[in-house]
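Everything below concerns the one structure shown next.
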Amino acid sequence: MDKPEILYMVVPCYNEQEVLRETAEQLKNKYSALISQKLISPESRIVFVNDGSSDSTWSIIRELHSAEPNLFSGIDLAHNSGHQNAVLAGLMTVKELCDMCITMDADLQDDVNTIDEMVKKYYEGNQVVYGVRSARDTDTFFKKSTAEAFYKFMKVMGADVVYNHADFRLMSRRVLQELSGFKEVNLFLRGMVPLIGFQNCKVYYERHERAAGESKYPLRKMLAFAVNGITSFSTKPLKLITALGFIMSVASILAFIWAFIAKIGGFTEHGWSSTICSIWLIGGLQLFCLGIIGEYIGKIYAEVKQRPRYIIAEFLNDNGNKNDEK
Ligand code: UDP
Ligand code: MG
């Protein structure tokens with residue numbers, strides 16, 4: 001490489017006051033090292049995206065920015081838009097400013113030391129570098145098994161996601177530009193990025209425990225995220241309904257024949273329980289199928305509205321004085 005390129009980090013933060021200073025400190029050290037090794041340009045920035053926090057997250061970001069405007073930047077979203085939207089807000093804001101961009105959670109669960117390897121892979125020509133967890137020792141058994149079941153289920157349902165990869169990844173400027181062409185409202189970035197393509201690779205890291213504060217992803221949100229991932233990326237559930245309908249039809253014809261033979265043979269019963277059972281069964285199945293169709297209709301509704309996915313209230317960023325570098 002001739003000249004080190006510009007790296008922007010995008011870090012979504014929702015009520016992260018306990019951990020934010022520590023994260024900033026660690027990223028700052030990492031940046032100093034990378035800049036002195038001439039792996040990244042001194043114009044590189046760390047962008048914290050405040051996702052409508054109700055604690056002092058934004059004032060900490062402001063403080064960091066005013067102390068070191070040539071290192072820390074901040075984006076303040078007007079309201080809580082959710083992790084995926086906050087990440088996208090950051091990516092779309094920096095896409096013209098950087099050569100490469102890494103997204104990382106604010107809680108230091110992703111290993112900061114993986115950044116070196118990601119940047120090196122970028123210089124080797126990769127447009128996307130996926131951070132993949134090699135160990136899940138620090139997650140609870142419940143989180144670990146539900147997360148692994150999630151990836152397997154996604155695959156069965158026809159959505160192409162990188163196994164054990166969350167949203168810790170490097171993307172080139174080119175990929176960010178292509179990503180801006182995805183206009184969907186129901187965001188599932190880890191499904192969208194593989195769709196973009198280009199040369200890519202994986203780097204492995206050990207996922208740590210949250211450095212401070214608590215998870216903003218309770219089971220309820222995780223389940224909603226999984227359902228969103230499947231229904232945003234696959235029409236397999238719809239195909240399953242068709243298959244189920246077909247099987248039910250064949251079964252009901254057989255049942256009809258059986259009932260007819262039974263009637264002719266004269267060994268019919270009063271049949272109350274079987275009637276009630278089938279009413280419940282059919283009713284349940286119909287409701288279930290309608291529910292799945294409703295998922296899709298809900299999505300069509302959201303897409304048709306084309307609402308902005310986030311609104312940026314403020315963007316703090318100093319591009320730096322190029323003369324300073326010399
Ligand atoms: N986050 C966000 N908006 C939200 C929820 C979470 O920006 O509505 C951020 C959060 O600050 C963190 C990242 O998304 O940086 C991942 O959240 P968390 O660590 O709580 O999820 P977990 O790792 O427990 O799945
Ligand atoms: Mg976390």
Side-chain angles (χ1 to χ4, degrees), residues 8-27 46-61 64 72-94 101-112 114-115 131-133 135-151 154 161-162 164-169 185-190 205-229 309-314:
Y8 269 60
M9 297 276 312
V10 167
V11 185
C13 310
Y14 176 58
N15 294 344
E16 298 288 6
Q17 63 181 13
E18 290 94 357
V19 76
L20 200 53
R21 286 179 204 280
E22 174 65 22
T23 309
E25 183 67 29
Q26 291 204 14
L27 286 175
I46 298 159
V47 185
F48 292 107
V49 183
N50 176 36
D51 186 16
S53 302
S54 51
D55 65 0
S56 60
T57 298
W58 181 239
S59 49
I60 298 173
I61 296 172
L64 289 167
F72 295 117
S73 303
I75 295 172
D76 187 27
L77 300 185
H79 56 87
N80 179 249
S81 316
H83 173 244
Q84 298 286 297
N85 290 313
V87 171
L88 190 77
L91 293 176
M92 293 302 110
T93 309
V94 307
C101 174
I102 296 180
T103 52
M104 193 186 99
D105 289 351
D107 57 8
L108 294 174
Q109 282 193 281
D110 305 323
D111 189 357
V112 171
T114 316
I115 295 173
V132 176
R133 279 168 229 180
R136 272 188 180 266
D137 300 341
T138 56
D139 281 346
T140 59
F141 174 75
F142 181 72
K143 178 115 193 171
K144 187 171 160 169
S145 43
T146 48
E148 288 187 352
F150 166 70
Y151 288 105
M154 288 291 291
V161 288
V162 178
N164 261 346
H165 158 72
D167 282 301
F168 184 31
R169 77 176 78 79
V185 176
N186 294 290
L187 282 184
F188 189 66
L189 289 168
R190 63 186 87 165
Y205 70 100
E206 266 177 45
R207 187 148 162 108
H208 306 301
E209 252 166 280
R210 198 172 229 288
E214 53 189 43
S215 174
K216 276 82 194 168
Y217 263 100
L219 182 64
R220 182 178 54 80
K221 274 200 197 171
M222 251 178 51
L223 286 176
F225 190 52
V227 170
N228 187 27
R309 288 162 292 181
Y310 52 82
I311 300 162
I312 292 170
E314 198 177 349

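Note that ligands are numbered from 1 as they come in the structure, with each ligand's atoms numbered from 1 the same way. Quick caveat: nothing in here was measured; it's all calculated off a predicted structure.
- When side chains are defined from C-beta on, R21 counts as touching I60, because their heavy atoms get closer than 4.5 Å.
- Protein heavy atom in closest approach to atom 14 (O) of ligand 1: H83 CD2, 2.9 Å.
- Distance from atom 16 (C) of ligand 1 to its nearest protein heavy atom, with residue and atom name: D105 OD2, 3.3 Å.
- Proximity to R207 (heavy-atom distance under 4.0 Å) selects the following atoms of ligand 1: 23 (O).
- Contacts between P12 and ligand 1, counted as non-hydrogen atom pairs separated by less than 4.0 Å, involve both the backbone and the side chain.
- Nearest non-hydrogen protein atom to atom 1 (N) of ligand 1 is Y14 CB, 3.6 Å.
- For atom 23 (O) of ligand 1, the nearest protein heavy atom (residue, atom name, distance) is Q109 OE1, 2.7 Å.
- Residues V49 and L77 have side chains in contact (heavy-atom distance under 4.5 Å, counting atoms from C-beta outward).
- Only side-chain heavy atoms of N80 come within less than 4.0 Å of ligand 1; its backbone N, CA, C and O stay farther off.
- Contact detail for A166 and R190: the closest heavy-atom pair is CA-CZ, 3.9 Å.
- For atom 17 (O) of ligand 1, the closest non-hydrogen atom of the protein is Y217 CD1, 3.8 Å.
- Annotation for C101 and V10: closest pair SG-CG2, 3.7 Å, computed over non-hydrogen atoms.
- For atom 25 (O) of ligand 1, the closest non-hydrogen atom of the protein is K143 NZ, 3.2 Å.
- A salt bridge does not link D111 to R207: none of the charged side-chain nitrogens sits closer than 4.0 Å to a carboxylate oxygen.
- Smallest separation of non-hydrogen atoms from L20 and C13: CD1-SG, 3.7 Å.
- Salt bridge absent: E148 and R133 never bring a charged side-chain N and a carboxylate O closer than 4.0 Å.
- Compare D107, D51, D167 by their heavy atoms: the one nearest to atom 3 (N) of ligand 1 is in D51.
- Look at Q109 and the Mg ion (ligand 2): an N/O/S atom of the residue is under 2.8 Å from the metal.
- Listed by number with element, the atoms of ligand 1 under 4.0 angstrom from any heavy atom of A106 are 15 (O).
- In this structure the side chain of D110 never reaches within 4.5 angstrom of the side chain of T114, judged on heavy atoms.
- Looking at ligand 1, you won't find any N or O of A86 less than 3.5 Å from one of its N or O atoms.
- Taking a cut-off of under 4.0 Å to the non-hydrogen atoms of C13, the atoms of ligand 1 that pass are 7 (O), 11 (O).
- When hydrogens are left out, the protein atom nearest atom 22 (P) of ligand 1 is S215 OG, 3.7 Å; that is the closest non-hydrogen contact.
- For Q84, no heavy-atom contact with ligand 1 is shorter than 4.0 Å.
- Of all non-hydrogen atoms in V47 and Y8, the two that sit nearest each other are CG2-CD2, 3.5 Å.
- Listed here is the closest heavy atom pair of N15 and S54: OD1-N, 2.7 Å.
- Shortest non-hydrogen contact noted between I61 and F48 is CD1-CB, 3.6 Å.
- Relative to atom 10 (C) of ligand 1, the option among E209, R210, K216, E16 with the closest non-hydrogen atom is E16.
- Sorting the N, O or S atoms of D107 by how far they are from the Mg ion (ligand 2) puts OD2 first.
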